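Scroll down for the structure; my scribbles are underneath it.
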Amino acid sequence: MIDIKFIRDNLDAVRAAIHNKNSTCDLDRLIAVDDRRRKIQQEADALRAKSNELSAQVGLFKNPKSKWYQEAVAKGTSPDQIRAEGDKLQAESASIKQRIKELEDEEKVVAGEFQNLMLTVPQVPSARTPIGRSAEDNVEVRRWGEPRKFDFKPKDHVELGTALGILDIERGVKLAGTRNYLLRGAGSLLHHAVLRLAMDVIIERGFEPITVPILVRDEMMYGTGYYPGGEEQAYRCERDAKSLVGTAEVSLTAMYGDEILDEAMLPVKVAAVSTCFRREAGAAGKDTYGIYRIHFFDKVEQVVLCRADEAEGEKFHHEIIANAEIVLQKLELPYRILSVCTGDMGQGKVEMYDIETWMPSRNSYGETHSASRFGEFQARRLNLRYKGADKKTHFCHTLNNTVIASPRILIPILEQYQNPDGSVTVPNALRTYMNGLEQIGARTA
RNA sequence: GGAGAGGUGGCUGAGUGGCUUAAAGCGACGGUUUGCUAAAUCGUUGUACGGGUAACACUGUACCGGGGGUUCGAAUCCCCCCCUCUCCGCCA
């Protein structure tokens, strides 16, 4: 959500954002509803003021203990006269109440529509964000590392993992349906090793590790911008009005919602490893092979809450991207960074970069990380604020990025590190997390 | 899951229908006093949305966990929900 005042003052910029982000937000309707909302408020406020005034008077007339009453009696006014006067005012008050009631009913309807429209207004993207319709218009920023050139016919991760007995998709599907899997033995160890490495890196970079709920109240989904619109993508537990998160970003970002932080607490840098649940509705038939697009996975996520300062937000954006790069570089996996275009970035984002890691079986880079900067979009929805040195409260700015998501990252690991005999060399950086294991499969001796 | 007790400003805590624009204290901020620290003393002290202004000032409304209701008038009475605590039961 962005500031209605900002919207009214920057109609052109918002209109452009709606167009460039392929948003269906009806800006004209929003402005019309807001106009009506303000009119109603003004009228109702005036009536309420009048009503309060009358009630105060009636109070004096009806309360024999009041100073006014006692003075009136002392002056010779009879209790009957006072009561009659009070009844008259009371009748007048009642008629005003009737009109207030009507206005309030309309206010409720209008405010509801206003809220719904406000939730659909996109954040204005940064000036350097490329304008485009879809993922095809994303712009590559830089690359690191060289994709491996194989002198034998490389296998894909499913062939490798199944033959090694570390990946069992069939039984995963038997248990839980399509897009499910089992990781076994060294596969499971590899999965945990990657997460441990990522946690160690992010902690070393100054982030507080936090264990968070992954089944959260729906309002956290609204607060972080996943709802409305993303309900189909999430597993909702309707009878509890809660949802399984698709990322720990939700819990980490909403953690301080409805609070006013001391500026000295900022920036808040937190990270969590959590299981992530995604229904992948609408993705039927897409990436059905292997463990690329699956219903559950584990992810180390990093979140920064900082002051409402554009430059500071940009600084932290670079920082959280660098954090993810450190992990990939430790794993010696080639990757590239994309500046995500307006049409592909999501309504709440100011700026977004994806990191794609080289996946031999796709003969291309595949998305493994996503780094977003939201400005105050999420903070406004979450009512997440801080008190600044200027004594005023401001909405925080929020950012987040993947540190590592597994098992998707196992795709490039298995495929890049495979050997001609079908074994897989364990990346150096992971060996300490796997009891020194150097190779999965064929004998090392 | 059962029974009970609660939820008031940054914090503690009064307030059971109208002299409450939420007492008092603490904290914070500002002034005075002071060789420094401490103490004393005086004052200020929330949020949101409107109106107003160049910006202040000023001003209206709402807010005592959330939402409804009763009433001319609700922190206070009624209903529903959420949360916390205590005891019991169950349990990794």
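Keep in mind that this is a model prediction, so the values were computed, not measured. Residue numbers start from 1 in every chain, and the chains themselves are labelled A, B, ... in the order their sequence lines are given, proteins ahead of strands.
Between A:N383 atom CG and B:C63 atom P the separation is 18 Å, expressed in whole Å. Taking atom CD on A:E107 and atom P on B:A48, their separation rounds to 18 Å, with Å as the unit. Atom CZ of A:R380 is separated from atom C1' of B:C49 by 12 Å (rounded to the nearest Å). Atoms CZ (A:R217) and P (B:G65) sit 17 Å apart, rounded to a whole Å. For A:I100 and B:C72, the CD1 to C1' distance is 11 Å, given to the nearest whole Å.
Residue whose closest nucleotide on RNA chain B sits further toward the 5' end, between A:L89 and A:A49: A:A49. RNA chain B is contacted by both A:S93 and A:K50; A:K50 maps to the nucleotide lying nearer its 5′ end (nearest heavy atom per residue).
Contact record, A:R184 with A:R171: NH1-NH1, 3.9 Å, taken as the closest heavy-atom pair.
Phosphate proximity of B:G73 to A:K97: present, with a side-chain N or O under 4.0 Å from OP1 or OP2. Between A:R38 and B:G51 there is a side-chain N or O to OP1 or OP2 distance below 4.0 Å. When the side-chain nitrogen and oxygen atoms of A:K101 are compared with OP1 and OP2 of B:G69, one or more of them lie within a distance under 4.0 Å. The phosphate of B:U71 has neither OP1 nor OP2 within less than 4.0 Å of any side-chain N or O from A:S55. Taking side-chain N and O atoms only, A:N52 has no distance below 4.0 Å to OP1 or OP2 of B:U21. Contact between the side-chain N/O atoms of A:Q41 and the OP1/OP2 oxygens of B:G50 is not found at any separation under 4.0 Å. Distances shorter than 4.0 Å separate some side-chain N or O of A:R37 from OP1 or OP2 on B:G50.
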Give every donor-acceptor pair under 3.5 Å between a side-chain atom in residues 44-59 of chain A and any protein atom, sequence neighbours left out.
residue	atom	partner	partner atom	Å
A:D45	OD1	A:R48	NH2	3.3
A:R48	NH1	A:E104	OE2	2.8
A:N52	ND2	A:R48	O	3.4
A:S55	OG	A:S51	O	3.2

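Aromatic ring pairs are classed by plane angle as parallel below 30°, tilted from 30° to 60° and perpendicular above 60°; the pair A:Y353 and A:H317 is perpendicular.
Nearest to the side-chain atoms of A:Q42 among the listed nucleotides B:U47, B:G50, B:U61 stands B:G50.
Under the rule for a salt bridge (Lys or Arg N to Asp or Glu O under 4.0 Å), A:D298 has no partner lying at least two apart in sequence or in another chain.
Residue A:L117 holds its CG atom at 11.0 Å from CZ of A:R37, rounded to the nearest 0.5 Å.
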